[in-house]
Protein chains: 2
Amino acid sequence: MTLAANKNLSRIQKEKRSTIKKAALEVFAEYGLRGATLDKIAIASGLTKPNILYYYSSKDKIYFDVLSGLLDEWVAPLHEISPNGDPIEELLGYMRAKLTMSKQKPQESKLFATEILHGAPLTQNVLATSLKKTLDEKVAVINKWISEKKLAHVNGYHLFFSIWAMTQHYADFDIQVRSILDQSEDDLFKDAEEYLTSVLLRTLDAKAP
Amino acid sequence: MTLAANKNLSRIQKEKRSTIKKAALEVFAEYGLRGATLDKIAIASGLTKPNILYYYSSKDKIYFDVLSGLLDEWVAPLHEISPNGDPIEELLGYMRAKLTMSKQKPQESKLFATEILHGAPLTQNVLATSLKKTLDEKVAVINKWISEKKLAHVNGYHLFFSIWAMTQHYADFDIQVRSILDQSEDDLFKDAEEYLTSVLLRTLDAKAP
DNA sequence: AGAAAAATTGTCCAATTGGTCAAAAAACTC
DNA sequence: GAGTTTTTTGACCAATTGGACAATTTTTCT
């Protein structure tokens with residue numbers, strides 16, 4: 001979907017590109033596109049700077065490759081929402097999937113957050129086309145469920161915004177969260193899931209005003 | 001609270017420092033601390049680079065001054081939550097205050113978001129002391145309200161996290177929101193407030209399981 | 001093994017960056 | 001309005017940065 005990707009690449013090429021991307025993800029997530037330097041990526045990857053530039057012709061190319069390689073994965077849980085399942089269970093499952101990603105892939109979350117926060121120079125196009133299209137479809141499903149009285153009357157778009165916001169918050173703002181709550185990661189995410197489940201159950205319940 | 005601030009400053013000094021801070025806020029919010037350059041701040045402020053350095057001895061000092069000048073303002077709505085008011089109204093009011101800040105001060109929101117996202121190098125201390133202390137107090141109020149059966153059983157910390165996340169999302173991720181929703185700003189925030197009101201009312205309602 | 005191709009690196013460069021400084025200009029004081 | 005202080009600026013500098021390149025080393029292929 002994103003790019004033709006690793007077509008005719010040798011073993012070494014695949015390995016080294018993967019090494020570089022992994023290191024670059026760390027550095028970009030921590031410092032952002034502009035704050036990240038090739039030197040930092042070189043150190044993080046254990047390669048030399050010219051060697052990195054042998055595989056990627058520029059810093060921007062690395063950034064673009066890392067980001068676009070993650071895009072599909074990032075939107076994937078949205079596709080799992082099935083129009084045929086139980087509405088509440090489908091949406092709770094989506095929330096849990098997003099929360100799990102925040103727990104297990106905080107760097108990826110931060111990378112996207114920084115990208116969007118700073119004007120989404122590389123992804124604005126994808127957001128306005130691919131993501132919008134998918135979300136429009138899912139909101140249509142939500143609205144169908146609502147018309148069938150299976151869900152409370154909620155604004156589908158803002159429902160998704162709030163799920164994104166609440167789940168990604170635990171990755172993007174983890175420093176703030178951890179400054180306030182002194183818990184193990186497992187306990188924190190257990191409490192978060194419990195709270196978010198409660199919020200969603202109450203918000204989506206077809207009964208009540 | 002933050003610093004002694006403008007003590008013995010001449011008219012010109014106050015004006016220029018204010019001009020610099022305003023321009024720096026724009027640039028820092030858009031590019032982050034590391035992505036912002038003195039040249040960009042110089043252009044945005046209409047001053048020359050050495051002139052800026054006449055008022056602030058370094059870029060970091062500007063950043064620190066801008067950020068710490070905003071800290072109090074940013075936490076202020078939290079102090080408005082009164083233990084004596086109606087619990088639901090107090091918390092709805094807090095949410096509305098935060099949402100209004102997202103609408104009217106998106107740059108400030110983005111500045112904080114970037115700061116925390118990238119490790120909160122300058123604010124971690126404040127987060128772990130001042131903010132934590134205030135939040136602990138407010139969560140104690142929440143818990144009192146819960147024990148008085150005025151609120152549903154919710155985790156107070158995660159309640160605040162979710163309010164922060166959901167309201168700030170409209171400032172920090174506005175590009176994503178606007179890529180998906182093609183509305184006027186007023187309509188967007190009207191819908192957001194309606195949705196968030198509904199979520200909070202249902203989440204906080206003492207009745208229901 | 002030996003030739004060809006691929007991978008790696010040391011060295012270098014130009015542009016950008018944060019910051020300095022001395023001199024000029026403006027503002028204030030009496 | 002002369003003298004003093006404050007403000008402003010042009011010119012400059014050292015460090016960092018993204019990137020180029022030729023030479024060397026390693027891998028691959030026969």
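Numbered from 1 within each chain, the chains take letters A, B, ... in sequence-line order. What you see below is based on every heavy atom in this structure, not just the backbone, and it leaves out hydrogens, waters and symmetry mates.
The side chain of B:Tyr54 has D:dT8 as its nearest neighbour among D:dA20, D:dT8, C:dG19. Set against C:dG18, C:dT9, D:dT7, the side chain of B:Thr37 has C:dG18 as its closest nucleotide. In this structure, of D:dA20, D:dG19, D:dT7, it is D:dG19 that holds the atom nearest to the side chain of A:Leu38. Ranking C:dT9, D:dG19, D:dT9 by closeness to the B:Asn51 side chain, first place goes to D:dT9.
Side-chain nitrogen and oxygen atoms of A:Gln13 include none within less than 4.0 Å of the OP1 or OP2 phosphate oxygen of C:dA6.
Whole-Å rounding puts the B:Asp39 CG to D:dG10 P distance at 13 Å. Atoms CD1 (A:Ile43) and C1' (D:dG18) sit 15 Å apart, rounded to a whole Å. Rounding to whole angstrom units, CD1 of residue B:Ile52 and P of D:dT9 are separated by 10 Å. The separation between B:Leu53 atom CG and C:dT17 atom P is 14 Å, rounded to whole Å. The OH-P distance, from B:Tyr31 to C:dT17, rounds to 11 Å in whole Å. Here D:dT16 presents its C1' atom at 12 Å from NZ of B:Lys59, a figure rounded to the nearest Å. When the C1' atom of C:dA7 is taken as reference, atom NZ of A:Lys14 falls 17 Å away, rounded to whole Å. A straight line from NZ of B:Lys40 to P of C:dT17 spans 6 Å, rounded to a whole angstrom.
Note on ring orientation: taking the six-membered ring where Trp is involved, the planes of A:His169 and B:Trp164 are tilted (angle from 30° to 60°). Aromatic ring pairs are classed by plane angle as parallel below 30°, tilted from 30° to 60° and perpendicular above 60°; the pair A:Tyr63 and A:Phe28 is perpendicular. In this structure, A:His158 and B:Tyr170 have tilted ring planes: the angle between them lies in the 30° to 60° band.
For the residue pair A:Tyr157 and B:Asp191, no side-chain donor N or O sits within less than 3.5 Å of a side-chain acceptor on the partner.
Mapping A:Ser57 and A:Gly35 onto DNA chain D by nearest heavy atom places A:Gly35 at the nucleotide closer to the 5' end.
B:Ala36 comes within 4.0 angstrom of sugar-phosphate atoms only, judged by non-hydrogen atoms across all strands, and of no base. Nucleic acid contact class of A:Tyr56 (heavy atoms, under 4.0 Å, all strands): none. Counting non-hydrogen atoms under 4.0 angstrom, B:Lys49 reaches a base of the nucleic acid.
Rounding to the nearest 0.5 angstrom, the gap separating the CZ atom in B:Phe64 from the CG atom in B:Leu33 is 12.5 Å.
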